[in-house]
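Below: the structure, in structure tokens.
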Amino acid sequence: MAASDRYDPSDSEPRWLKAWLDSGALDPDPSGPGDAYAIAIPPPNVTGALHMGHALNNTIQDVLIRSRRMAGDQVKWICGTDHAGIATQAIVEKDLAQKEGRSRHDLGREAFLERVWEWREEYGGTIIGQLQRLGATLDYGNERFTMDEGYANAVLRVFVDMYEKGYVYRDNYMVNWDTGLGSAISDLEVEDREVLDTLVEIAYPLSSGEGELVVATVRPETMLGDTAVAVNPDDERYGHLIGQTCVLPLVGRELPIIGDDYVDPEFGTGALKVTPAHDPNDFEMGKRHGLEAISVIGEDGAMTDAVPERYRGLPAAECQARVTEELRAAGVLRGEEPYTHTVPFSHRSGARVEPLISLQWFADMTQLAQPAIAAVEDGRVRFTPERWGDVYLAWMREIRPWCLSRQLWWGHQLPVWYRGDEIYVGVDGPEGDGWVRDEDVLDTWFSSGLWPFATLGWPEATPELERFYPNQVLSTARDIIFLWVARMVMMGLEYLGEVPFSEVYIHSVIQAPDGRRMSKSLGTGIDPVEVIDEHGADALRFGLLMMSSAQDVRFNHERVAQGRQLVTKLWNASRLVVERGGTPGPCPTPQKLADRWMASRLTAAIEESESLVREFDFSRQADLLYHLIFDEFADWYLELLKAGEATPQVAGPLLEQLLALAHPQLPFVTEECWHMLSGSDELMLTHASASPPASRDAEAEATIEGFQELVTSLRSYKSEHGLARRDRIEVRLEAGEGVWSPPDGLAGLVNAEMAEVGEGAHVVPASFGSILVLPPEIDMQAERARLDAAITAAEKELARAEKQLGNEQFVSRAPAELVEAERDKAARYTSELKTLRAQLAAAGGK
RNA sequence: GGGCGGUUAGCUCAGCGGUAGAGCACCUGCCUUACAAGCAGGGGGCCGGCAGUUCAAAUCUGUCACCGCCCA
């Protein structure tokens, strides 16, 4: 086969990508005609690389975007990247350490930030190029960055406004301290992991001198910060001790014994040491009981001055060992046992999170949450699959303060200045001398929360903002429903007075083929760009759409291969149509039966496809396309075209519609096929959507179905008798006069011809009656085997139908048409059995 | 501890009240001038266990088991 006979994605895809980028169609006109349709891409990390989740999500968005663009909407797919504070800073710090052995502190803030910007310049474009390889038609000409000038202005403005409204405040509060990062992180950046620790039991003697309370802990060093012991008030063992005090070993502090329902009497000894400064639950309990919070571990991970002198400055782990030893020596260590439990770790640095009290900036989100709850409850924002709406609501209804400040350098530095006890919060900075700016930066997700409108120029009233806010759809992964989606809804409602988008599609998570998480560190990642190199972007897109679902799915190479086969098939089908003289254009009213049938099937597919996209059912849409192209267009319609039973004048326009239908899923190959068909420069990218070439034609569909059954039965018959394709058979239909049996069609598809068939013909039962076949040679043994199998099958069916009909309850309660259908079946199988048995007897069987 | 998913053919997944489906894999034939990255034919499933509801259950209810995720 010549090289030109094969579709080559690596040749085709770069050409069409360039044509799309040069077309100007990706940059919409805010004052142009049509409905506005906007999607904001979940901005990938600026230093990141495309992973499979991106590939799926951006394929989905591109399908939506291309569909609407072809439908004539003014379409904007907002393009950009996220500065990703922690991730980016970590990468640059690592690079700095490797190449120069220096830390960011060696460089100083300003020089380090310069370094990050340089890094961004050098590597920031990678993922954008990869999105282009995928065929994603973002508005690349207007790429935004969450730290570009206009965006930064929007971020600071929102912070200042929230401060002025009283939502944002500074407080000493329990935070998740990431000891690896040296920064506070939000609840959402914490993940729980199972860890094997040692649970030690410590006896706290009662001040009365009579008895002791034994508490259990995996962090004995935190006892130095204990300010109470808690028991359950209903606990018969300890209830009477409430109000008394005990003595903290090693320190000698008197601790009140308090009663609190939080304590589970069944757990451990039933008595709980309370360390308000180093445990979130104890912190809450401390507030309930007005306990002092003594911070004994500092932000540097070492013991503070609040502990007895001999422990001060020790790293917490060392202090733990020492405290344990001293407790043992003091004879108050009651037990030590291995203990598996979950503890918080930083999602970013991987370090164990140290809960401690720290002075940070917080946002109280309770007021912002109310309208955002209402928006989902009343359907202004709709989640697909629906259950994620409930997840969103559950989180929103119990929303907690958001720790906004991060002890990082890369990010939006807080617009906050201090001078003595004075605090100034403002976008432009204070006047006068002596002000010192807060060194912290904002949580990355604070700026991400403004993405749907800050990218459109807000707070300026730009034409883009006017036209494209709100966006229509947000498509994203479920793990950032709280981190990102919820924040966008709250921010959008607060600052624009409107929801940022009306539809939220939560796509499935693509796991590694073995079911593990796809991740670089596990080595389970599959690089989408490599898959594109191997199979082409269309194949990957199709494969991902086929895989996608409402649930997690494993990456499936076979689906990509299936996509590649579809691409090849479509290309070859197009070549055939062109070779037979098909040209594009309006479809003439089809006259021939096969043309009428294909036009009707295509019409059905177009309607079905539209509704599937509306429901975000991309998997079924891909499946629909696959079977339309393979089973209907190629296997039947084109075969009939070759047999002269369909016309190129209709085939050309039908192919054009088919390509338009497939373009959003398979943009590259359809573009290639379209130019092969049309010979024009017009792009499929901006072609009008597929439009129904005809109305549904029930008669043509039913007739072709009968023909398909005829052909399939004959093929099957030939196969069972070991007859080759070239072996001609003669056939006659009985009680099937309405069945279409064009001589050329039958000859072309099965090498059969209609003839007067008399004695010795074999009977093949069919739903329209029966087919009499006269093969060139008769293999009686095969024929008897075939008949036996057919009889057994018919008997089974008849027995099932009769059993149903013998059930009085079924006959009286089931819908009448079902009962009627059963009766028809029973009658049909009865007569079929009769002819088959007669045939078997004639064939020498019994 | 609370919640949400899942368990269907060898594999990956659809179906979610009316006789079990797809792709891949497998078996048997075919180089039929669009396509061998192809064509035709075929085999393969007590739809996790148990108990209910119903004329009818893979589908609805309850329960148990195992797998995964989220929240505390």
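Quantities reported herein were computed from a predicted structural model and do not represent experimental measurements. Per chain, numbering begins at 1; letters A, B, ... match sequence-line order.
- For the P atoms, the distance linking B:C11 with B:C46 amounts to 13 Å, nearest Å.
- Distances were taken from every side-chain heavy atom of A:Q551 (C-beta onward) to each of B:G41, B:A14, B:C70; the shortest belongs to B:A14.
- Evaluation of atom-type donor-acceptor distances gives no pair under 3.5 Å for the side chain of A:Q809 against the base of B:U54.
- Using C1' as the reference atom, B:U59 and B:U19 are 15 Å apart when rounded to the nearest Å.
- Pair assignment for B:C66 gives B:G6, based on Watson-Crick or G-U wobble hydrogen-bonding distances that are each under 3.5 Å.
- Between B:C70 and B:C27, the distance separating the two P atoms is 42 Å to the nearest Å.
- Evaluated for a side-chain contact (heavy atoms from CB on, under 4.5 Å) with A:R554, the options A:M547, A:R516, A:M518, A:Q511 yield exactly one hit, A:Q511.
- Note: A:F618 and A:Y505 meet the aromatic proximity criterion, with ring centroids under 6.0 Å apart.
- B:C39 and B:G29 make up a base pair, with Watson-Crick or G-U wobble contacts both under 3.5 Å.
- Within a 6.0 Å radius of CD in A:Q781, no more than 12 heavy atoms belonging to other residues, nucleotides or ligands are found.
- Here B:A34 presents its P atom at 9 Å from CD of A:E639, a figure rounded to the nearest Å.
- Spacing between B:G6 and B:G48 at atom P, rounded to whole Å, works out to 12 Å.
- For A:R554, counting side-chain heavy atoms from C-beta on, the closest listed nucleotide (B:A22, B:C13, B:A34) is B:C13.
- OP1 or OP2 of B:C35 has not a single side-chain nitrogen or oxygen of A:Q565 nearer than 4.0 Å.
- The partner of B:G52 is B:C60, judged by Watson-Crick or G-U wobble contacts that both fall below 3.5 Å.
- Among the heavy atoms of the strands, none lies under 4.0 Å from A:S812.
- Distance from the side chain of A:S716 is smallest for B:G42 among the nucleotides B:G42, B:A34, B:A22.
- A gap of 10 Å separates the C1' atoms of B:G21 and B:A9, to the nearest Å.
- For A:R620, the CZ atom sits in a loose shell: 12 or fewer heavy atoms of surrounding residues, nucleotides or ligands are nearer than 6.0 Å.
- Contact annotation for A:D390: no contact, since no heavy-atom pair falls under 4.0 Å across all strands.
- Remark: B:G23 base-pairs with B:C11. Criterion, Watson-Crick or G-U wobble with two distances under 3.5 Å.
- The phosphate of B:A34 has OP1 or OP2 within less than 4.0 Å of a side-chain N or O from A:R580.
- Distances were taken from every side-chain heavy atom of A:R726 (C-beta onward) to each of B:C31, B:C4, B:A34; the shortest belongs to B:C31.
- A gap of 10 Å separates the C1' atoms of B:U7 and B:C47, to the nearest Å.
- Residue A:R715 is in sugar-phosphate contact alone, with no base atom involved, counting any heavy-atom pair closer than 4.0 Å across all strands shown.
- Tested against A:C403 for a side-chain contact (heavy atoms from CB on, under 4.5 Å), the candidates A:N176, A:V175, A:D443 yield a single pass: A:V175.
- With a cut-off of 3.5 Å on both pairing distances, the Watson-Crick or G-U wobble partner of B:G1 is B:C71.
- Using a 4.0 Å heavy-atom criterion, one finds that A:P513 contacts no nucleic acid atom at all.
- At B:A34, none of the side-chain N or O atoms of A:K569 fall inside 4.0 Å of OP1 or OP2 (strictly under the cut-off).
- At least one side-chain nitrogen or oxygen of A:R400 sits closer than 4.0 Å to the OP1 or OP2 atom of B:A72.
- Rounded to whole Å, atom P of B:A14 lies 15 Å from atom CG of A:L612.
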